[in-house]
Amino acid sequence: MKDPRFAIIDIETTGGIAKRDKITEIAIIIYQNNEIIDTFESLINPERSIPYEITRITGITNSMVETAPKFYEVAKDIIKITEDCIFVAHNVFFDYNFIKEEFQQLGFAYSRKKLCTVQLSRRYFRGLKSYSLGSLIEHFKIVVNSRHRAMEDTKATLDVFKRVLKVSGNLEQSQTQLTVLLKETKIPATLNKEELYNLPESPGIYYMRNANGDPIYIGKSKNIRDRVFQHLNETTSKTKRMIDGIHSIDFLISGNELMASLLEVQEIKKFQPEINRALRKKSHAALLTIQFCEDKYTTFTVKEAEWLDSNDEIINHYASRTIAKEHLEYIISMYQLCKKANEDLLDGKPCNSFQMGQCLGACVQKEDLESYNNRVLRAYQEINKIFQNDFLIIGDGRSMDEQSIAVVEDGFCKYFGFVSKELSYNQPNDLINELTAYKGNIETNRLIESYLNKSKSYRKITYRQNTFLDI
């Protein structure tokens, strides 16, 4: 480990699956003792066509690689330059396993110790919103002339790695520290590595499943692969529980973050994974619910948190039962409601609030049922931030030729799904017939409100009586 050599590497590929796709470009910088001692870069002829979407991202075209060397023609150079080096990359398993797969197809076993700059960045630059290479480039104001070209991304990765070395107290000179980091850059033995390499860098939800195939955790992210590797590189007790139980990971692509959030709520409610439930109860220990009644007083109730599987309608979430009760007392006082009527404990005797002039008399039948329930309804409408108009939200789809649709009716999300961009709909009902029913709630309302406020990538169209109002 004395004076270790680091091979900083980045590749571009025809896709995200090592056993199916091929490398189109590779760049390597050898770094040792604070100096660049060697470099290597080359376009690679993948011996297949490059998908349009990949060309759009990387700028690498079929004509550019037509006369480039095939991988076997540069394989010896790659082995020689990376010999006795620690393989360093951003999301190292992606780059490493593509190169390993290329060598395996040539009948050669390629093996190097590995370090991941995503993992290192999370360890030494805590608190950033994202640890993607693009986000780190922006955060550190790294000058990059052409993103998603191998050498430029390798230079950016080296810049990040140098910053890690600086803040870590020169980990390259500490054999113990470096050994620990090399050991941490591993995938749990229970996981199928190919599943991890095949995870998409797209918005969606992911299922972490146990040996029986049951979800123990369901999450969402704008970059599924990045988020899963983030989990694997975390060291919290929650993550340890999660990793100890994982035997497989699968996913659903959602096209955008809003659809990922709606899917996550739906799937967690459906499967109630063990770790999600534990997190839920910790952060939202109590609920405020309402139960509408026609023949008796409408009541608010504080209940223990569950995953929205009650007949009562949930109004709000609270960190503790005490906070929830304090809020309920405020509502009763603010709207001059009756505690006895709210708790369905009417015995013909006045409540304490009535004697102090704060209750209008439901407890002694001085206020009629209709008036009382109308006032409860007004309180509910002000507390419960439901949407007043029917509308639909259009966002990015799972592919370039489709778009996502979420429909809000009667205050809640009622339908969602994906439709082709080539199809047009004259009436809302025609569009809704193509979607899937969805049971929205206060939680999904807040998600929708948040995404509409923070992002301009969603288009909102209101409608009334099956007629679009603004298109």
Side-chain angles (χ1 to χ4, degrees), residues 238 261 264-265 268-269 272 275-388 410-413 439-451 453-454:
K238 179 204 81 175
S261 295
E264 180 191 38
V265 171
I268 290 175
K269 179 181 177 182
Q272 300 197 24
I275 296 175
N276 289 99
R277 287 204 308 272
L279 291 173
R280 180 65 173 211
K281 290 182 179 179
K282 182 177 179 181
S283 58
H284 299 111
L287 307 174
L288 178 63
T289 70
I290 188 170
Q291 189 172 74
F292 293 102
C293 304
E294 294 182 1
D295 55 351
K296 62 179 183 178
Y297 294 106
T298 296
T299 58
F300 294 107
T301 308
V302 172
K303 294 193 173 185
E304 296 297 325
E306 295 178 356
W307 266 106
L308 307 179
D309 56 357
S310 169
N311 291 326
D312 296 340
E313 183 170 340
I314 293 175
I315 296 175
N316 212 337
H317 305 272
Y318 304 89
S320 71
R321 192 175 183 87
T322 300
I323 296 173
K325 284 187 172 182
E326 288 176 353
H327 189 208
L328 176 55
E329 289 177 4
Y330 168 79
I331 293 168
I332 290 173
S333 174
M334 184 72 177
Y335 293 93
Q336 295 184 283
L337 304 178
C338 177
K339 287 187 179 181
K340 284 190 172 183
N342 185 72
E343 296 174 5
D344 199 17
L345 296 175
L346 297 175
D347 56 7
K349 297 179 182 179
C351 67
N352 292 335
S353 297
F354 178 72
Q355 293 174 345
M356 293 186 295
Q358 296 175 353
C359 165
L360 299 186
C363 48
V364 291
Q365 297 183 334
K366 188 173 180 180
E367 182 180 19
D368 64 85
L369 183 66
E370 183 178 0
S371 297
Y372 183 88
N373 283 349
N374 284 338
R375 197 162 68 261
V376 174
L377 180 61
R378 288 200 301 274
Y380 161 81
Q381 289 173 338
E382 292 183 26
I383 298 164
N384 183 13
K385 296 180 180 179
I386 62 171
F387 298 108
Q388 300 301 313
D410 301 323
F412 295 99
C413 183
K439 189 175 182 180
N441 51 57
I442 294 302
E443 184 167 6
T444 55
N445 275 6
R446 289 181 182 135
L447 290 171
I448 291 169
E449 189 175 35
S450 173
Y451 283 110
N453 288 336
K454 76 179 182 181

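- Remark: Ser320 OG to Lys325 NZ distance equals 10.5 Å, nearest 0.5 Å.
- Looking only at side-chain heavy atoms (C-beta outward), Leu369 and Tyr297 come within less than 4.5 Å of each other.
- Between Val364 and Leu346, every side-chain heavy-atom pair lies at or beyond the 4.5 Å cut-off.
- Thr289 places a side-chain N or O within donor-acceptor distance of the main-chain N or O of Thr301, the cut-off being under 3.5 Å.
- The shortest heavy-atom contact between His327 and Leu288 is ND1-CD2, 4.3 Å.
- Residue pairs meeting the ring pair (Phe, Tyr, Trp, His ring centres under 6.0 Å) criterion with at least one partner in residues 329-359, sequence neighbours excluded, do not occur; the list is empty.
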- prompt: Going through the distances and angles, do Ser371 and Asn374 end up as a side-chain hydrogen bond (donor to acceptor under 3.5 Å, both in side chains)?
  reply: CA-CA 5 Å; Ser371 297; Asn374 284 338; 5.7 Å; no

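- Formation of a donor-acceptor pair under 3.5 Å by the Asn445 side chain with backbone atoms of Gly440 is not found in this model.
- Taking the six-membered ring for Trp and the full ring otherwise, Phe292 and Tyr380 have centroids separated by under 6.0 Å.
- Under a cut-off of 6.0 angstrom, the local environment of NZ in Lys349 is sparse, with at most 12 non-hydrogen atoms contributed by other residues, nucleotides or ligands.
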message: Applying side chain to side chain contact (heavy atoms under 4.5 Å, CB included) to Leu447 and Val265, what does each step give before you reach the verdict?
response: CA-CA 10 Å; Leu447 290 171; Val265 171; 3.8 Å; yes

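- In this structure, Cys359 SG and Ile332 CD1 are separated by 10.0 Å, a value rounded to the nearest 0.5 Å.
- Taking SG of Cys338 as the start and CD of Glu343 as the end, the distance is 9.0 Å to the nearest 0.5 Å.
- In this structure, the side chains of Arg375 and Leu337 come closer than 4.5 Å at one or more pairs of heavy atoms.
- Between the side chain of Lys339 and the backbone N or O of Asn352 there is no donor-acceptor pair closer than 3.5 Å.
- The shortest side-chain heavy-atom distance between Asp410 and Phe387 does not fall under the 4.5 Å cut-off.
- Remark: Glu370 CD is loosely packed, at most 12 non-hydrogen atoms of other residues, nucleotides or ligands lying under 6.0 Å away.
- Evaluation of the ring-ring contact (aromatic ring centres under 6.0 Å, His included) rule for Tyr451 yields no partner, not counting sequence neighbours.
- Between the side chain of Asn373 and the main chain of Lys296, a donor-acceptor pair closer than 3.5 Å is present.
- Side-chain atoms of Asn453 and Ser450 include no donor-acceptor pair closer than 3.5 Å.
- Across all their heavy atoms, Ala341 and Ala362 have their closest contact at CB-CB, 4.2 Å.
- Under the 3.5 Å distance criterion, the side-chain polar atoms of Asn276 are left unmatched by any main-chain donor or acceptor of Gln272.
- Although no hydrogens or angles enter the test, the distance criterion places no donor-acceptor pair under 3.5 Å between the side chain of Asn342 and the main chain of Thr299.
- No side-chain heavy atom of Leu377 sits under 4.5 Å from any side-chain heavy atom of Thr298.
- When every heavy atom of Lys340 is checked against every heavy atom of Pro350, the shortest pair comes out as NZ-O, 3.8 Å.
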